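As the structure lists them, so they are numbered: ligands from 1, and atoms in each ligand from 1. These numbers come from a predicted model, not from an experiment.
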Amino acid sequence: MNESLIKELLDKNIRVVAVTKKHTKEEVDQLYALGLSTFGENRVQEFLTKYDPKYHWHIIGHLQTNKVKYVVGKVDMIESVDSLKLAKEINKQATKLGIVQDILVELKVTKTDENKTGYPIEGAMDFLKELEQFDHICVKGLMCIATHTDDESVNAKEFDEMKALYDQAKEKYPQMDTLSMGMSHDWRLALAHGSNQVRIGTALFQS
Ligand SMILES: *Cc1c(COP(=O)(O)O)cnc(C)c1O
């Protein structure tokens, strides 16, 4: 475990989703003992093997509609909502349970084709408008995965674009409080450009 990184994140009071995909429940417990309490998983099957109601959980990866029923009500946040069909199914399952499920809208900010997930950023405001019809989901904010590149200026532009959109959306939807961006290699840059929640995996486990 990278205890100095964890200490830095905690000292700075940064909202961290510790991404534990491909790591064991024992490692989740170790991270919790070091002070982290929100964990991110991108596969439902793997999430269910580690799920522990003591902790906070976020789904951060592409979610198939037929798996939605296994996560609604168990996770604090589904960060990767990028289609109306998925939102509709989350709303349906949350209605069944009589709860409101918090979600983030994942936007595709990269201009490359490397990452196919995320709703097209140009249509974000229209998509948010469509989501208003669902009473059992609460859109808490936006999420993105930036382009994987060593060129910081590319990522800086993407983060700025997201921040501007987030500020615009927040005026219309005051319940929004989360702009989830930044991973192991770009979290400092993301925070400098308006992120208020980072999702860090790899770097946490490097000692
Ligand atoms: C794996 C993953 C992360 C963490 O990535 P690292 O580079 O390991 O920090 C963050 N967000 C999403 C959506 C992921 O799938």
[atom]: which protein heavy atom is closest, and how many Å away?
atom                    : result
atom 11 (N) of ligand 1 : Arg199 NE, 2.9 Å
atom 8 (O) of ligand 1  : Thr202 OG1, 2.5 Å
atom 5 (O) of ligand 1  : Met183 CE, 3.5 Å
atom 13 (C) of ligand 1 : Ile60 O, 3.4 Å

For ligand 1, which atoms, with element, lie under 4.0 Å from some heavy atom of [X]?
X      : result
Ile145 : 13 (C)
Ile200 : 9 (O)
Lys21  : 1 (C), 2 (C), 3 (C), 14 (C), 15 (O)

**OP:** Could you see which bit of Val19 sits under 4.0 Å from ligand 1, with heavy atoms only: side chain, backbone, both or neither?
**Re:**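 The answer is the side chain of Val19.
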
Original post:
Considering only heavy atoms, which of Gly40, Gly61, Ser180, Ser184 lies nearest to atom 6 (P) of ligand 1?
Top reply: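 Among Gly40, Gly61, Ser180, Ser184, the closest heavy atom to atom 6 (P) of ligand 1 comes from Ser184.
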
**OP:** Check the pair Lys7, Glu3 against salt bridge (Lys or Arg N to Asp or Glu O under 4.0 Å), reporting the backbone distance first and the verdict last.
**Re:** CA-CA 6 Å; Lys7 189 171 181 312; Glu3 295 197 25; over 6 Å; no

**OP:** Please assess Glu152 against Asn155 for the test side chain to side chain donor-acceptor pair (under 3.5 Å), listing each intermediate value before the final yes or no.
**Re:** CA-CA 5 Å; Glu152 283 206 350; Asn155 292 147; over 6 Å; no

Subject >> Donor-acceptor pair between Tyr51 and Glu41 side chains, under 3.5 angstrom >> reply: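 Result is no, nothing qualifies.
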
**OP:** Compute whether any side-chain donor of one residue and acceptor of the other, for Thr49 and Glu46, lie under 3.5 angstrom apart.
**Re:** no

Subject >> Geometric N/O contact Ala203 with ligand 1, under 3.5 angstrom >> reply: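 Between Ala203 and ligand 1 (N or O atoms, distance only) the closest approach is not under 3.5 Å.
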
Original post:
What residues, two or more places apart in sequence or in another chain, satisfy salt bridge (charged side-chain N to carboxylate O under 4.0 Å, His left out) together with Asp151?
Top reply: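 Here no residue qualifies.
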
Which side-chain N or O atoms in residues 71-79 pair as donor and acceptor under 3.5 Å with protein atoms at least two apart or in another chain?
from, atom 1, to, atom 2, distance (Å)
Lys74, NZ, Tyr70, O, 3.4
Asp76, OD1, His56, ND1, 3.4
Asp76, OD1, Trp57, N, 3.2
Asp76, OD2, His56, ND1, 3.2
Glu79, OE1, Ser180, OG, 2.8
Glu79, OE2, His58, ND1, 2.7
Glu79, OE2, Gln197, NE2, 2.8

Subject >> Under-4.0 Å salt bridge between Lys67 and Glu89 >> reply: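 So Lys67 does not pair with Glu89 through a salt bridge.
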
